[in-house]
2 protein chains.
Amino acid sequence: MNDTRKPETEKPEPLPRLGEIGLSNYAPYLMNRIMGRYNADLRQEMTELGLTTPKMRALAVLSVIDALPISELAVYAVVEQSTLSRALDQLASDNMVRRDADPNDSRVTRIGITDAGRATLDRLWPTMARSYAQMFKGIPEEERQAFVTTLQKVLKNIRKHDF
Amino acid sequence: MNDTRKPETEKPEPLPRLGEIGLSNYAPYLMNRIMGRYNADLRQEMTELGLTTPKMRALAVLSVIDALPISELAVYAVVEQSTLSRALDQLASDNMVRRDADPNDSRVTRIGITDAGRATLDRLWPTMARSYAQMFKGIPEEERQAFVTTLQKVLKNIRKHDF
DNA sequence: GATTTATAATTGCAAATGCATATTATTCTG
DNA sequence: CAGAATAATATGCATTTGCAATTATAAATC
């Protein structure tokens, strides 16, 4: 088989440009667009609840994994550490979270979510769930599951931490 | 078959919470994590080129679709219009883009990318391509293609504009 | 065709952000 | 175990951001 007639899929050039790939075939672009809309959809409800994106993300992560050190929470929540530090100031003054000293390492502050924090997130959750449902409307469950599986692989490929 | 023992997958409650789904099964969370890393990976190179995220995104979109009105560019680039307006000030003063009056509607300013703008994006592109390749390392081409197809469906589901 | 309404882009301003640094605590090295 | 290197968090400061208001133009309505 001497196939010289179909070079399209055989890495024909050293580095195809974005213009050649096209925005709508470039996964990072699509993910950015999607997350931009998702975050915009939550914005109004968040504002009414006195939340910003960093505050919301901190609460969301803590609702799943409580008592995290700030530095780990920053990774999970995808927020700069200094930004998170200040977001936690606000959350703490609103009694949404607690700052607890780590008993083994006194450099570490572990963040705990309070009942009030959970209650606030519960009020936001229907909006998040609605936006999530809208994303996958008309997409078969099997396809959604495969999509999530690929997302997990991609995250594993590029993340810097083990979580 | 009276199966009362496995309610886990039979939508047992009206609205499962994030804690029940788990962060690593929640697609928006995974996409946020992934895009956070992707953007962080580009940051250093961008800084060296004098670019911010809004400036980079504007150039990237314009490299594919030139001469867009600012309001459309804002949607494509996923940047607030006022932020984009100021990003374009900087790009224009660096001769990366041009502001051209629309001949049919004098409210509209169309943005054109210059050779210098393309050149700057060309210098960033290898970093973008490397990060992109890293994402899909070890993932079969067929799976990547299916993933992009689902992304396109999701975007179509939630976008507010027709593009 | 004058008046109201809608759209595109810019700008003022307060708040949020991120980088670099400071502070405190821990671990490593010789 | 003293001193240096590393780590976790907080903070000072300049820049960036986003909302709201402004300006300018176009479209719709009466």
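Proteins get letters first, then strands, A, B, ... in listed order; numbering begins at 1 in each.
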Audit row: R17(A), D122(B), salt bridge (charged side-chain N to carboxylate O under 4.0 Å, His left out) steps and yes/no: CA-CA 8 Å; R17(A) 283 200 182 64; D122(B) 283 349; 3.0 Å; yes
Starting from [atom2] on [N], measure out to [atom1] on [X] and report it in whole angstrom.
X      : N       : atom1 : atom2 : answer
N39(A) : dT17(D) : CG    : P     : 15 Å
Q44(B) : dG18(C) : CD    : P     : 17 Å
Q81(A) : dA20(C) : CD    : P     : 14 Å
M46(B) : dC19(C) : CE    : P     : 10 Å
I70(A) : dT24(C) : CD1   : C1'   : 14 Å
E80(B) : dA8(C)  : CD    : P     : 15 Å

Among residues at least two apart in sequence or on other chains, which ones pass side-chain contact (heavy atoms from CB on, under 4.5 Å) with R33(B)?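 side-chain contact (heavy atoms from CB on, under 4.5 Å) list for R33(B), sorted by chain: V75(A), Y76(A), V78(A), L155(A), R159(A), Y29(B).
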Taking only side-chain N and O atoms of S82(A), does any of them lie within less than 4.0 angstrom of OP1 or OP2 on dG18(C)?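 So the side chain of S82(A) is outside the cut-off, no N or O lying under 4.0 Å from OP1 or OP2 of dG18(C).
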Which parts of residues 87-111 of chain B get close to DNA chain C, meaning a heavy atom less than 4.0 angstrom away?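 Going residue by residue through residues 87-111 of chain B, the ones with a heavy atom under 4.0 Å of DNA chain C turn out to be R99(B), R107(B), V108(B), T109(B).
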Would you mind checking if D102(A) and R110(A) are paired as a salt bridge, meaning a charged N to carboxylate O distance below 4.0 Å?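 Salt bridge between R110(A) and D102(A), a charged N being under 4.0 Å from a carboxylate O: yes.
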Check ion pair R99(A)-D89(A) (N to O, under 4.0 angstrom):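 Yes, this pair counts.
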For R43(A) and L68(A), take the nucleotide of DNA chain D holding the closest heavy atom to each; which residue's nucleotide lies nearer the 5' end?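 Looking at the nearest nucleotide for each, L68(A) comes out on the 5' side.
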On DNA chain D, compare the nucleotides closest to S71(A) and P54(B); which residue's is nearer the 5' end?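 Taking each residue's closest nucleotide, the earlier one in sequence belongs to S71(A).
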With D41(A), which of R43(A), R37(A), Q44(A) fulfils side-chain hydrogen bond (donor to acceptor under 3.5 Å, both in side chains)?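 It is R37(A); the other options fail the test.
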On the 0 to 90° scale, with breaks at 30° and 60°, tag the Y26(B)-Y132(A) ring pair as parallel, tilted or perpendicular.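 Ring orientation, 0 to 90° scale: tilted.
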Does R86(A) or S85(B) map to a spot on DNA chain C nearer the 5' end, using the closest nucleotide for each?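 Its nucleotide being nearer the 5' end, the pick is S85(B).
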